[in-house]
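For reference, the structure discussed in these notes is given below.
Just follow the structure's listing: the first ligand is 1, and inside any ligand the first atom is 1.
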Amino acid sequence: MGAHPDMASQVATDPPPTPPCTEGGEAVEARLRRRIATEGPISVADYMAEANAHYYATRDPLGAAGDFVTAPEISQMFGELVGVWLADLWQRAGCPAAVRYVELGPGRGTLAADALRAMRGAGLEPPLELVETSPALRRAQAGRLPAARWHDDVASLPAEGPLMVVANEFFDALPVRQHGDGRELRVALEDGRFVRDSAREVSEDSPAALAIVRVLARRLAAQGGAALVVDYGYDRAGAGDTLQAVSAHSYADPWLAPGTRDLTALVDFCALAEAARGEGARVFGPVAQGDWLEALGIQLRAAALAKAAPERAAKIAAALERLTAPAQMGRLFRVMALTAAGWPQPAGF
Ligand code: SAH
């Protein structure tokens with residue numbers, strides 16, 4: 001999930017602040033140490049998967065008091081525009097009745113709540129299917145979205161009816177493999193510290209992300225619907241080593257204190273698009289988040305909100321800037337849509 005501690009200006013800082021869950025963090029770190037001591041070096045993907053599973057299972061990392069802030073937590077405008085985008089697509093698809101709202105990694109449920117409010121305004125009230133592995137975040141989601149159903153995996157999503165899928169800062173939390181100098185890079189222990197193999201040039205891929213996109217694309221092709229993927233990432237291969245840790249709104253060392261900080265990697269949109277096309281979905285974008293939000297009318301929404309609550313005008317303007325300015329989240333964050341072949345062209349691309 002996500003990192004935007006002032007993307008452009010931050011450098012890695014350590015040592016980290018006291019993690020909110022020291023005991024659990026130590027447990028997962030001890031488990032990784034034991035595993036490497038008995039099995040030998042493990043893949044970067046295994047290290048990342050184990051660290052993040054623990055990290056998300058044990059806390060709510062979002063918000064000022066946590067490790068990072070995501071677009072829906074910055075402003076209601078983000079989720080509302082996602083809802084408007086979905087409702088528009090649904091209407092132009094002929095208002096199919098059996099449609100469902102699916103969200104991958106819904107965090108606190110803020111995006112879903114804002115999107116549902118906007119969709120309701122357009123006459124769309126789909127059932128909610130949330131794919132979430134973290135018990136801590138499921139609890140937070142249940143507080144806001146009591147009628148939702150939860151899934152551990154995309155595989156158990158309903159197999160009938162069009163799916164409208166949203167994934168914001170989900171794919172960047174999934175484990176990446178790293179390769180370099182002709183081999184898969186691994187993590188070993190040296191003098192009690194986690195150390196990754198060195199390599200002249202590093203490349204990454206994420207079998208976990210590709211597997212999920214393939215399932216979604218296959219479902220869209222068979223059931224109808226669309227998916228919206230928003231994340232920070234790149235459009236062309238060759239980004240190199242993008243694995244990083246984020247803790248208390250700063251970049252941190254990914255090889256220190258696994259399980260207590262968010263491990264993320266930039267999303268390879270090119271690979272996701274290719275995987276989706278291979279399963280029969282149409283792909284739109286990726287485009288820059290700032291351009292997409294502007295195409296959907298975020299300026300007008302901001303103006304309307306500021307007019308309704310003049311005392312909040314400065315806050316609304318700051319949120320608008322944060323979501324759309326190229327130096328903030330406007331450019332590094334990309335938006336990509338997948339649709340079923342027979343569905344209309346989505347707005348904003
Ligand atoms: N989309 C939210 C939260 C982003 S944080 C927002 O924009 O605010 C990433 C989310 O993905 C968290 O809810 C986390 O628990 C969830 N997550 C991470 N790995 C997952 C996995 N393998 N399967 C399902 N959910 C996962």
Open item on the list: When you compare ligand 1 with Thr70, is there at least one nitrogen or oxygen pair between them that comes in under 3.5 angstrom?
Closed with: yes
Task: side chain to side chain contact (heavy atoms under 4.5 Å, CB included) between Leu272 and Leu210, worked out - done: CA-CA 6 Å; Leu272 295 192; Leu210 293 179; 3.9 Å; yes
- [ ] With heavy atoms of Glu169 as the reference, note each atom of ligand 1 found under 4.0 Å away.
- [x] 4 (C), 5 (S), 9 (C)
Open item on the list: What I want to find out is whether Arg144 reaches Asp114 closely enough, with some N-O distance under 4.0 Å, to be called a salt bridge.
Closed with: no
TODO: Please confirm whether Thr133 comes under 4.0 Å of ligand 1, counting heavy atoms of the residue only.
DONE: yes
Open item on the list: One residue to check: Asp153. Relative to ligand 1, which of side chain, backbone, both or neither has a non-hydrogen atom less than 4.0 Å away?
Closed with: neither
TODO: Between Asn168 and ligand 1, find which residue part has any heavy-atom pair under 4.0 Å and reply side chain, backbone, both or neither.
DONE: both
Open item on the list: Would you say Tyr232 and Thr264 are linked by a side-chain donor-acceptor pair, where the criterion is simply a distance under 3.5 Å?
Closed with: yes
Open item on the list: Give the atom numbers and elements of ligand 1 that come within less than 4.0 Å of a heavy atom of Ser134.
Closed with: 15 (O)
Open item on the list: Run the side chain to side chain contact (heavy atoms under 4.5 Å, CB included) test on Glu184 and Val44 for me, step by step, so that the C-alpha distance in whole Å, both residues' side-chain angles and the decisive distance to 0.1 Å come before the verdict.
Closed with: CA-CA 8 Å; Glu184 180 167 4; Val44 170; 5.9 Å; no
Open item on the list: I need the atoms of ligand 1 closer than 4.0 Å to a non-hydrogen atom of Leu137, numbered in the order shown.
Closed with: 12 (C), 13 (O), 14 (C), 15 (O)
- [ ] State, yes or no, whether a side-chain contact exists between Gln91 and Leu124 at a heavy-atom distance under 4.5 Å.
- [x] no
Open item on the list: Using a 3.5 Å distance criterion without hydrogens, assess whether the side chain of Ser43 forms a donor-acceptor pair with backbone atoms of Arg186.
Closed with: no
Open item on the list: Below 4.0 Å, non-hydrogen atoms only: which portion of Pro72 touches ligand 1? Side chain, backbone, both or neither.
Closed with: side chain
- [ ] For ligand 1, find out whether one of its N or O atoms is nearer than 3.5 Å to an N or O atom of Leu111.
- [x] no
Task: Heteroatom distance test (Glu132, ligand 1): nitrogen or oxygen, under 3.5 angstrom - done: yes
Task: Qualifying residues under side chain to side chain contact (heavy atoms under 4.5 Å, CB included), relative to Pro96, sequence neighbours excluded - done: Trp90, Ala93, Pro162, Trp343
Open item on the list: Under the side chain to side chain contact (heavy atoms under 4.5 Å, CB included) test against Met119, which residue among Leu86, Asp88, Val99 passes?
Closed with: Leu86
Task: Sub-4.0 Å atoms of ligand 1 with respect to non-hydrogen atoms of Gly107 - done: 2 (C), 3 (C), 13 (O)
Open item on the list: Can you confirm, on distance only, whether ligand 1 has an N/O atom lying under 3.5 Å from any N/O atom belonging to Leu174?
Closed with: no
